[in-house]
Protein chains: 2
Amino acid sequence: MTGDELVSLLAALASPHRLRILAALTDGRTYVSELARRLRMNRPLLYMHLQKLEAAGLVTGELVTAADGSSVKYVEAVPFVVTLDLDAIAAAAPTVTLPGPAADKGK
Amino acid sequence: MTGDELVSLLAALASPHRLRILAALTDGRTYVSELARRLRMNRPLLYMHLQKLEAAGLVTGELVTAADGSSVKYVEAVPFVVTLDLDAIAAAAPTVTLPGPAADKGK
DNA sequence: TCCGGCCGTCAGATTTCTCTGACACCCCCC
DNA sequence: GGGGGGTGTCAGAGAAATCTGACGGCCGGA
């Protein structure tokens with residue numbers, strides 16, 4: 001795993017909402033609106049968090065179109081295991097791209 | 001470990017700079033200014049990151065006063081091991097305090 | 001006395017992340 | 001046609017994290 005991937009993964013997990021989302025998905029897959037109700041959060045907000053989790057590879061979304069034509073998006077948690085310690089960090093650190101000096105010389 | 005502690009830990013690690021800091025400290029302890037030079041970052045910035053790492057319990061600082069009276073602050077990485085998976089998250093999620101609706105009813 | 005190195009902190013500008021409300025579109029049932 | 005439930009996206013307000021430059025204090029050596 002590259003350093004950037006590790007940072008993305010950690011950033012994705014370092015959020016109360018996203019932790020709760022993942023926890024709710026351990027009970028099995030659900031669709032977005034139902035999940036929003038269960039967690040008591042606005043759908044747009046939930047969408048943002050789901051996108052981050054999906055970008056980090058922690059959840060997968062599947063848009064299912066029923067026989068009648070109505071669509072429902074099911075979300076599912078992706079199993080994973082990551083062990084964090086100083087060695088893992090030392091191995092990943094050399095491959096991180098730092099924030100960049102925001103090289104905005106263009107006065 | 002509580003959910004909030006987990007979030008703090010992850011937030012502390014989810015940063016390119018802080019990853020590099022920890023990696024640099026695996027070579028052994030150093031003092032702040034030397035570390036700033038090695039990582040090519042401003043000292044105040046390094047200070048902020050060190051404080052976050054220290055708050056998360058990932059590093060310890062020790063202000064050493066030499067025989068001649070000059071002071072140097074040594075920084076050291078604290079060994080740790082954390083395994084992340086869905087079970088760990090499901091266990092921690094119920095104990096997180098969410099951002100709060102910023103209950104600012106006071107119009 | 002004037003440098004040089006180190007520590008610690010501050011105000012302030014910037015960038016990034018969060019969160020909300022509103023909108024457009026699709027489908028079925030009354 | 002008028003609800004009700006779904007998905008998906010947008011602009012913009014608000015809060016939080018990041019980064020820089022400057023200041024002040026302490027100590028030794030030229």
Side-chain angles (χ1 to χ4, degrees), chain A residues 7-8 10-21 29-56 59 61-75 96-107, chain B residues 4 7-8 10-21 29-56 61-75 96-107:
Chain A
V7 171
S8 300
L10 294 173
L13 291 176
S15 157
H17 278 318
R18 292 195 281 272
L19 246 55
R20 290 191 347 125
I21 291 172
R29 53 147 55 174
T30 330
Y31 60 97
V32 181
S33 292
E34 165 63 19
L35 192 57
R37 274 191 295 270
R38 199 190 303 177
L39 297 179
R40 301 275 167 56
M41 61 168 74
N42 294 340
R43 261 186 324 111
L45 180 57
L46 177 58
Y47 255 78
M48 178 196 313
H49 287 302
L50 282 177
Q51 283 179 0
K52 292 207 167 184
L53 287 173
E54 201 164 354
V59 303
E62 183 187 2
L63 185 59
V64 175
T65 303
D68 60 10
S70 62
S71 303
V72 173
K73 180 171 187 178
Y74 282 97
V75 182
V96 294
T97 62
L98 31 142
D104 192 1
K105 297 272 181 31
K107 187 242 350 262
Chain B
D4 290 336
V7 171
S8 300
L10 294 174
L13 291 176
S15 158
H17 278 319
R18 292 195 281 272
L19 247 53
R20 289 190 349 123
I21 291 171
R29 53 148 53 175
T30 330
Y31 61 96
V32 181
S33 292
E34 165 63 20
L35 192 57
R37 273 191 295 270
R38 198 188 305 177
L39 298 179
R40 302 273 167 56
M41 62 167 72
N42 295 338
R43 259 183 329 109
L45 180 57
L46 177 58
Y47 255 79
M48 177 196 313
H49 287 302
L50 283 178
Q51 283 178 0
K52 292 207 168 186
L53 287 173
E54 202 163 355
E62 183 187 4
L63 186 59
V64 175
T65 303
D68 60 9
S70 61
S71 303
V72 173
K73 179 172 185 178
Y74 283 98
V75 181
V96 294
T97 62
L98 31 143
D104 192 0
K105 297 273 181 32
K107 185 237 3 251

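Numbers restart at 1 for each chain; the letters A, B, ... are given by sequence-line order, proteins then strands. Below, all heavy atoms of this structure are taken into account, side chains as well, without hydrogens, waters or symmetry copies.
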**Q** Grab the CD-C1' distance between Glu34(B) and dC6(C) for me, whole Å please.
**A** 12 Å
**Q** Any side-chain N or O of Lys73(A) below 4.0 angstrom from OP1/OP2 of dG8(D)?
**A** yes
**Q** Of all the choices, dT9(D), dT9(C), dG6(D), which nucleotide is nearest to the side chain of Tyr31(A) once you look at every atom?
**A** dG6(D)
**Q** Of Leu50(A), Ile21(A), Leu53(A), which meets side-chain contact (heavy atoms from CB on, under 4.5 Å) against Val75(A)?
**A** Leu50(A)
**Q** Relative to the 5' end of DNA chain C, which residue comes earlier, Ala14(A) or Asp68(A), by the nucleotide with the nearest heavy atom?
**A** Ala14(A)
**Q** Let me know the distance between CG of Leu35(A) and P of dG5(D), rounded to the nearest Å.
**A** 18 Å
**Q** Measure from the side chain of Pro44(B), starting at C-beta and using heavy atoms only, and say which of dT20(D), dC6(C), dT20(C) lies closest.
**A** dT20(D)
**Q** Under 4.0 Å: is that the gap between some side-chain N or O of Asn42(A) and OP1 or OP2 of dC19(C)?
**A** no
**Q** Rounded to whole angstroms, how far apart are CG on Leu45(A) and C1' on dG14(D)?
**A** 14 Å
**Q** Let me spell it out: for each of Ser70(A) and Arg18(A), pick the nucleotide of DNA chain C with the closest heavy atom. Which residue's pick is nearer the 5' end?
**A** Arg18(A)
**Q** Check Ala56(A) against Ser8(A) and note the closest heavy-atom contact, atom names and distance.
**A** CB-O, 4.2 Å
**Q** Using whole Å, report how far CD of Glu62(B) lies from C1' of dC6(C).
**A** 16 Å
**Q** Taking CZ from Arg37(A) and P from dG4(D), how many angstroms apart are they, rounded to a whole number?
**A** 14 Å
**Q** Can you check whether Pro44(B)'s main-chain N or O pairs, donor with acceptor, with Asn42(B)'s side chain at less than 3.5 Å?
**A** no
**Q** So, does Lys52(B) get its side chain near the phosphate of dA17(D), meaning an N or O under 4.0 Å from OP1 or OP2?
**A** no
**Q** Compare every heavy atom of Ala36(A) with every heavy atom of Arg43(A), then report the nearest pair and how far apart it is.
**A** CG-CB, 3.8 Å
**Q** Tell me whether the rings of Tyr31(A) and Tyr74(A) are parallel (<30°), tilted (30 to 60°) or perpendicular (>60°).
**A** perpendicular
**Q** Quick one: label Met41(B) by what it contacts on the DNA or RNA (base, sugar-phosphate, nothing), any heavy atom closer than 4.0 Å.
**A** nothing
**Q** Using atom OH of Tyr47(A) as one end and atom C1' of dA11(D) as the other, report the distance to the nearest whole Å.
**A** 18 Å
**Q** Whole angstrom is fine here: how far is it from CG in Leu46(B) over to C1' in dC19(D)?
**A** 13 Å
**Q** Whole angstrom is fine here: how far is it from CG in Leu98(A) over to P in dT20(D)?
**A** 11 Å
**Q** Can you identify which nucleotide, out of dG6(D), dG8(D), dC7(C), has its nearest atom closest to the Val72(B) side chain?
**A** dC7(C)
**Q** Between Arg43(B) and dC23(D), is there a side-chain N or O to OP1/OP2 distance below 4.0 Å?
**A** no
**Q** If you pin Ser33(A) and His49(B) to their nearest nucleotides in DNA chain D, which one's is more 5'?
**A** Ser33(A)
